[in-house]
There are 2 protein chains.
Amino acid sequence: MSATAKKTKRTASRASRRQQLIDATMKCIARKGMSSTTLGDVAREAGLSQGIVNLHFESKENLLNETLRNIADDYKTQFNRALDKSGPDAANKLHALMELDLRPSILDRQKLAVWFAFWGEVKSRPRYREICKKSDEYYDEVVCTLCEEIIAAGHYKDVSPLAVATALTSMTNGLWLSYLISPKRFDRQIASNAVAEYLHSIFPKHFPL
Amino acid sequence: MSATAKKTKRTASRASRRQQLIDATMKCIARKGMSSTTLGDVAREAGLSQGIVNLHFESKENLLNETLRNIADDYKTQFNRALDKSGPDAANKLHALMELDLRPSILDRQKLAVWFAFWGEVKSRPRYREICKKSDEYYDEVVCTLCEEIIAAGHYKDVSPLAVATALTSMTNGLWLSYLISPKRFDRQIASNAVAEYLHSIFPKHFPL
DNA sequence: CAAAAATGAATGAGTATTCATTCAGATTAT
DNA sequence: ATAATCTGAATGAATACTCATTCATTTTTG
């Protein structure tokens, strides 16, 4: 009841209003692109008034920073949930992480458009770079550790955990790009096979075909 | 003699002026980001006057389209040259293409910033998408064909050429992103190893360690 | 009613585009 | 050869417009 009551209220809690505006921002960036989304667009998308963003975020710069942080947090949550859900086995965990990046909740053109919009400005905005760097370091670290465990368990020779981790995270980012550019041509199954074949060829004992 | 004479001339040929403006645009995008480069910035960077871009390109939109086309052509030229230079052997050719993407002339933060700036707007600008799609299709096609040849020559089993091609092109795009975000942490050697290990594990006869 | 939230018109800084004017170099006439 | 004329590249001030931000007013909540 109190949950539904929120809808009728014309004034929302500070937190939910901010989230609503961040969601609207992502929709606008996906539809119009970063360089032509205006605060007016965001307000209209949210069904609110012109000045609303400045009221809740002080500035456009702030809104964009918070939007990036939000999408990064969202990914991190899913990442950690995937890790938790997949038991203690390192190969299992690694497989779960790779599959996650091809799930519809992640491999979603709207979200990808937002990621790429921020990556597109990473070189000129130190703040964006910081946020992205921090996330990337964390994921690389986790994936690298999983690779080390698998290498130790399988006595694999001539395999560098760092190189494998680099290859894996790069591959998923690159797959995202090809989906963004050519959604029609992209085939989830082929992408999944590409990852599976790679894992099989590097760690045959842990990833049978 | 006539080549150096160009420098002293105050009025340049239409083609060279356009190229000069495109170069200035790329510098501006790399330094300030797509969403805050103005035509004034571009003109200043080129050492020319305010109205110069409209004189040569009619509109900003046009300038940006031509800039993307230019950077895509530039890549294509290098791609084809790498193919030509590396003799008739498919494995040689494939190796040359992968190395190309890690060469300083390609793996260059300024150029990458421009690529990502355009990719960041790909979803909302059909024109950008067309240009990128066309290029990608060509590269995938070439890489896929090379993989088919290698598979046939080496009688490799359970390897899908399309999946390998997808993995390879995705991997280089992803490596570019990690270099863009964390240039310090990025290690060309590790990136090179990642690609080499992958090729070795898939096509061991053709890519010894 | 008082405080908090939201509105939306007004402001002003900036930006793409236009265009009358300048100017360098090529062409033509003397 | 020199001067006069032409051409179109380049300029940069003016124009028209967009957009982030402000704030006086209204609405909602407690």
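Chain naming here is simple, since letters A, B, ... match the order of the sequence lines and numbering starts at 1 in each. Just so you know, these numbers use all the heavy atoms, side chains as well, and skip hydrogens, waters and symmetry mates.
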Rounded to whole Å, how long is the line connecting atom CZ of B:R44 with atom P of D:dT11? 13 Å
For a quick check under 3.5 Å, do A:T38 and A:D41 share a side-chain donor-acceptor pair by atom type? yes
Let me know the distance between CG of A:L21 and C1' of C:dA5, rounded to the nearest Å. 13 Å
Under 4.0 Å between a side-chain N/O of A:H56 and OP1 or OP2 of C:dA5, yes or no? no
pair B:W115-B:N173: side-chain heavy atoms closer than 4.5 Å: no
Please determine whether a side-chain nitrogen or oxygen atom of A:R17 lies at a distance below 4.0 Å from atom OP1 or OP2 of C:dA6. yes
If you draw a 6.0 Å radius around NZ in B:K111, do more than 12 non-hydrogen atoms from other residues or ligands fall strictly inside? yes
Mind checking B:L55 for me? I need base, sugar-phosphate or nothing, with any heavy atom below 4.0 Å counting as a touch. base
Just the rounded figure in Å: distance from P of D:dA20 to CD of A:E61. 13 Å
Closest of D:dA10, C:dT7, C:dA16 to the B:Q50 side chain is C:dA16
Give the rounded distance in Å between these two atoms: CG of A:N54 and C1' of C:dA9. 15 Å
Within this structure, what is the CG-to-P distance between B:L39 and D:dT15, rounded to whole angstrom? 20 Å
Under 4.0 Å between a side-chain N or O of A:S49 and OP1 or OP2 of C:dG8? no
Within 6.0 angstrom of A:K32 NZ, more than 12 heavy atoms from elsewhere: yes
Return the nearest nucleotide to the side chain of B:T38; candidates are D:dC19, D:dT11, C:dT15. C:dT15
Could you state the atom-to-atom distance from CG of B:L64 to C1' of C:dA16 in whole Å? 12 Å
Once you round it to whole Å, what is the distance between P of C:dA6 and CD1 of A:I52? 5 Å
In whole angstrom, what separates B:E58's CD from C:dT18's C1'? 13 Å
A:W176 vs A:Y179, test: side chain to side chain contact (heavy atoms under 4.5 Å, CB included). Steps then yes/no. CA-CA 5 Å; A:W176 290 352; A:Y179 181 53; 5.8 Å; no
Of the candidate nucleotides C:dT7, C:dA9, C:dT17, which contains the atom at the shortest distance from the side chain of B:S59? C:dT17
